[in-house]
Amino acid sequence: MVIESDRTIGAPDAVVLGATGFIGRWTVLHLLDQGRAVAAVLRDRSGHGTSREAELRGWLRDRGAADERLVVVAGDLTGGPGLGLSAADDERLAGVRDVFNTAARYRFGLQREEARAVNVEGALNMLRWAATRRDLRRLVHVSGYRVGLDRQARYPLPEAELVALYRDKGAYEGSKSEADAAVRVVAAELGIPLTVVNPSSVIGHSTTGEAGQYIGLAELVRQLWTGRLPALPGTARTFVPVVTVDHFAKFMAAVPEHDPEPGDRHWVLDANTPDLPGVVRMLADHLGVRAPRTRVPVSLVRRLPTALTGADPETLDFLVEDRYDTASADRVAEAAGLRQPPVGTALRRWADRLVADRFGATSAALPGGFHDVAGSRTYLAGDRTSPDFVLLHGLPLDGESWRGVLGELGDARALVADLPGLGRSAPTGATPLDWLADLLAPARTRPVIVAHSAATAPALRFAAAHPDRIAGVVLVSPYFLQGKASKLLRVPALAAPLLKRISVPRLTAALLGDAPPVEARQAVASAAAQLRRPAVARRTARWLRDANRSEERAALRALLGDTAVHIVAGQQDSLLGDPGPATVTTIPGAGHNPQLTHPAAVAEVMRRISA
């Protein structure tokens, strides 16, 4: 792609409000992909104190966008009809043809005036500003699939009706309903060429699953994943349709060219979305967790305390059996050559990414997903067919414990797996050795297996049974050559409750001591989150018990005499047993988790073994 200079590009012909939001940034990306010059109206700084412009440009560049065609101006929907723009910036945007309003305050539990400030008054400010653009071709406004169902919009509403609207629907949905009517009425009065798009629940990218929004249906998936969804509200025909964020953003970008006349309203959703119980069953099967078998009428859920149901009252209005007319949206999509991605695949990829990113708590070092391995729905990340390294975590960690090491490996291909029944993986009836053999069955390369602590047992056994399948074995802190765990941790009935309830700071201190690296703290936080899921702490405690059996430790020590391995140990957690012919690297200042505290040193050993 040839990137033009800003002088050649000229003035922007499209403006996006809400450009740093979930929908807005994807809309900017697809407008840029069309070759358009785009202006983003942004408040100056994010909640993290960093430049919103820097964040947006970095996000766009990471996805291959030509951000040289992006112009950023400082403004705010709540800044009045002029959007808080300077006179120079307002003049710079005088000739824009298309305005896209994706801005909204999307959160449950808002106060009425807090929601109205952006969703109603801000939308009207945007509308009145757009009316002053001399070449305006189209104003595209994002509303919502549960609002605007009445053909005739009424605005303003009497105060008594507004009070009832906000009381019954909550501040967010109430403000979106009021805004939908306000925008339609005022646009007609001002003669603005308006198109309203009504998306359903917007899920992650159809290919990567990348999300960015973690309420609504995403919260339901979180409850399913964490075992906090004992019953499903609604009926067998409850319908919560979805649309992927990339399809919706492409639709938005296509409206000015392919929607022949303004004034229409388009319901953009995938009509092939299964009914909600079917979606939940499908995702439960994919994630390797139990789906709720009981359904509870929404009317009953409304009467129960939120602390008991876990259901936010503002989400209950979405749990209906209604279907929606998508004919006009389908015509626009067809004219633009857009096709909905397969909804089942999109939902599963989205669920993978939600789990990988811990529902917005962090960004996974290497996003992965769930695969069948020896009867386990196993969480895998990386390259399963051509790995240079296979990374297996110890206890009580998960695959995120390799974050720092992955960052040191450069272009090397790695496969990271959560052990069966631990971390994010479901249990299996197979032995750990058989599970590992099935994990590596698709590999066409001879990788180096790098295993930490408890995972050194299956790694060593696989190396002994299949020396021709691997290029080497690195055992990091092999537990069978070190002191046994405390008596408390060797009794599952005592260890499991402790592991399930331990706080992130306490677990961090226990594993890493004082002042660990940031990535190490993130890895421990991931492990702690998984330990709170049903049965994970119990299974971890059983692994600890079995790993500390004397006969198991002796059997593994015996294998060292027949297998060429490289051992990595921390200076503060030295080997007590005889490593036999194994080569040993001791990392100064490290303890039992050098992959967390000294990832560069561990990565250097790995590179040396694979050379």
Compute whether any side-chain donor of one residue and acceptor of the other, for R413 and S386, lie under 3.5 angstrom apart. no
For the residue pair F318 and Y145, does the interplanar ring angle fall in the parallel (under 30°), tilted (30 to 60°) or perpendicular (over 60°) class? tilted
Backbone N or O of Q522 within a donor-acceptor pair of the R403 side chain at under 3.5 Å? no
Begin with the C-alpha distance, continue with both residues' side-chain angles, and end with the deciding distance and a verdict on side chain to side chain donor-acceptor pair (under 3.5 Å) for H266 and D259. CA-CA 10 Å; H266 303 302; D259 185 19; 3.1 Å; yes
Tell me whether E257 is salt-bridged to R137, with the criterion being a basic N under 4.0 Å from an acidic carboxylate O. yes
Could you check whether any side-chain N or O of T102 sits under 3.5 Å from a backbone N or O of L17, counting only pairs where one atom can act as donor and the other as acceptor? yes
Under 30°, 30 to 60°, or over 60°: which ring-plane class applies to Y172 and Y106, parallel, tilted or perpendicular? tilted
Side chain to side chain donor-acceptor pair (under 3.5 Å), that's the test. Do R358 and Y214 meet it? Break it down for me. CA-CA 10 Å; R358 282 197 292 126; Y214 302 98; over 6 Å; no
Do you see a donor-acceptor pair shorter than 3.5 Å between the side chains of E55 and T20? no
Other residues, nucleotides and ligands only: do more than 12 of their heavy atoms fall within 6.0 Å of CD on E113? yes
R323 charged N/C atom sitting above F239 aromatic ring, 6.0 Å / 45°: yes
Short side-chain to backbone donor-acceptor contact, R25 and L60, under 3.5 Å: no
